[in-house]
*Asks:* 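Before we start, here is the structure in question, set down as structure tokens.
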Number of protein chains: 2
Amino acid sequence: MSEPLRPDMFDELCPSSMLPFRFGDKWAALILRCLEEGPRRYSELRVPLRRVTPKVMTRSLRALERDGLVSRTVYEGLPRRVEYGLTPLGRSMLEPLDAACAWAAEHWEELLDAREAYGNGGTPRQ
Amino acid sequence: MSEPLRPDMFDELCPSSMLPFRFGDKWAALILRCLEEGPRRYSELRVPLRRVTPKVMTRSLRALERDGLVSRTVYEGLPRRVEYGLTPLGRSMLEPLDAACAWAAEHWEELLDAREAYGNGGTPRQ
DNA sequence: CAGAATCCAGAAGGATACTG
DNA sequence: CAGTATCCTTCTGGATTCTG
């Protein structure tokens, strides 16, 4: 149904932490992106998000679940299998997220220039 | 040119801190809203944002200025006068902000219901 | 496999008081 | 008027190690 997530999915794109907006916590928007094409297992998500520790990723996922944006399904068996997927509400949030990303793509240079011009050359928030 | 900002501008609307997205820091989006109809003085902004301490508000404004979203103009004289206004870049960001707000307005109930259903009745992040 | 437990550092936000 | 300066608490995210 959906192809495997590329490990470098966020290697280039990842200045997202420099953007002047955030959806959920630091990793939430990236998770939503990963789920766009269908449900994913925990370990699948960990591939492009390998720089996120398991504790933090679980917390992000729980927060998304709490807000009704993501669903969590456990398939018992050995090995265990847990799938995360977008709820209709979660999918609906891709719309404002896309709007924000479009803005970022369009104004990325202006943003960098502004920080450059301000003095300190745009310290990333990490 | 623009009417005074209502002191209660964010009294009702202020569950904004419960939303699953943020533009800039905690107060940035509210500041952008205040500047929508034209430049405002520091003390004008402090009226609807009276619950923000001066230090924090100044830091928010500086961050917005650094990102080129807001301009700061000083008019010397006694008493001093400092005006903040949206730059074209700042105004352009009202678009994704509006998209996010529209989403929130449309799905606010679902969000609350999801938190309610999750267990703990939606602890506000403050 | 899908996490939980513990410990820790830095950032964000706030209270209060003071100033050019 | 438009901020600064200090001090302090909380929140976030991360490193590391361990488990049903």
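In what follows, chains carry the letters A, B, and so on, assigned in the order in which the sequence lines appear, proteins first and then strands, with residues in each chain numbered from 1.
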*Asks:* For B/P88, what residues pass the side chain to side chain contact (heavy atoms under 4.5 Å, CB included) criterion, not counting sequence neighbours?
*Replies:* none
*Asks:* Using a 4.0 Å heavy-atom cut-off across all strands, classify A/V56 as base, sugar-phosphate, or nothing.
*Replies:* base
*Asks:* Indicate yes or no: does A/D98 engage A/R33 in a salt bridge with an N to O separation below 4.0 Å.
*Replies:* yes
*Asks:* Would the number of heavy atoms belonging to other residues, nucleotides or ligands and lying under 6.0 Å from CD of A/E95 be above 12?
*Replies:* no
*Asks:* Check B/D11 with B/R50, please: is the shortest side-chain N to carboxylate O separation under 4.0 Å?
*Replies:* yes
*Asks:* Rounded to whole Å, how long is the line connecting atom CZ of A/R72 with atom C1' of C/dC1?
*Replies:* 12 Å
*Asks:* Whole-Å distance between D/dC11 C1' and A/R22 CZ?
*Replies:* 12 Å
*Asks:* Can you list the residues that meet the side chain to side chain contact (heavy atoms under 4.5 Å, CB included) rule with A/R81, with sequence neighbours excluded?
*Replies:* A/R41, A/Y75, A/E83
*Asks:* At 4.0 Å (heavy atoms only), tell me whether B/R41 reaches a base, stays on the sugar-phosphate, or touches nothing.
*Replies:* sugar-phosphate
*Asks:* Can you check the B/K26 NZ to D/dT12 C1' distance for me, whole Å?
*Replies:* 14 Å
*Asks:* Without swapping roles, check the side chain of B/T87 against the backbone of B/L69 for a donor-acceptor pair under 3.5 Å.
*Replies:* yes
*Asks:* Do side-chain atoms of A/R72 reach the backbone of A/L61 as a donor and acceptor pair under 3.5 angstrom?
*Replies:* no
*Asks:* Taking only N/O atoms, report every protein-nucleotides 4-10 of chain D pair under 3.5 Å with atom names and distance.
*Replies:*
| residue | atom | partner | partner atom | Å |
| --- | --- | --- | --- | --- |
| D/dT4 | OP1 | B/R62 | NH2 | 3.2 |

*Asks:* Donor-acceptor pairs under 3.5 Å, side chain of residues 99-107 of chain B to any protein atom, not counting sequence neighbours: which ones?
*Replies:*
| residue | atom | partner | partner atom | Å |
| --- | --- | --- | --- | --- |
| B/W103 | NE1 | A/S92 | O | 3.4 |
| B/W103 | NE1 | A/S92 | OG | 2.9 |
| B/H107 | ND1 | B/E110 | OE2 | 2.6 |

*Asks:* Mind running a 4.0 Å heavy-atom check of residues 74-81 of chain A against DNA chain C and sending the residues that fall below it, in number order?
*Replies:* A/P79, A/R80, A/R81
*Asks:* Without swapping roles, check the side chain of B/R22 against the backbone of B/A29 for a donor-acceptor pair under 3.5 Å.
*Replies:* no
*Asks:* Estimate the overall bend of the helix from C/dC1-D/dG20 to C/dG20-D/dC1 from the end axes over five pairs each, rounded to 10 degrees.
*Replies:* 60°
*Asks:* Could you tell me how far apart B/L45 (CG) and D/dC1 (P) are, to the nearest whole angstrom?
*Replies:* 13 Å
*Asks:* Measure from CG on A/L61 to C1' on D/dT12 and round the result to the nearest Å.
*Replies:* 16 Å
*Asks:* Which whole-number value in Å describes the distance from A/E65 CD to C/dA2 P?
*Replies:* 15 Å
*Asks:* Between B/Y42 and B/Y84, how do the two ring planes meet: parallel, tilted or perpendicular, split at 30° and 60°?
*Replies:* tilted
*Asks:* Under a 3.5 Å distance rule, please check whether B/D25 uses its side chain to pair with a backbone N or O of B/A28 as donor and acceptor.
*Replies:* yes
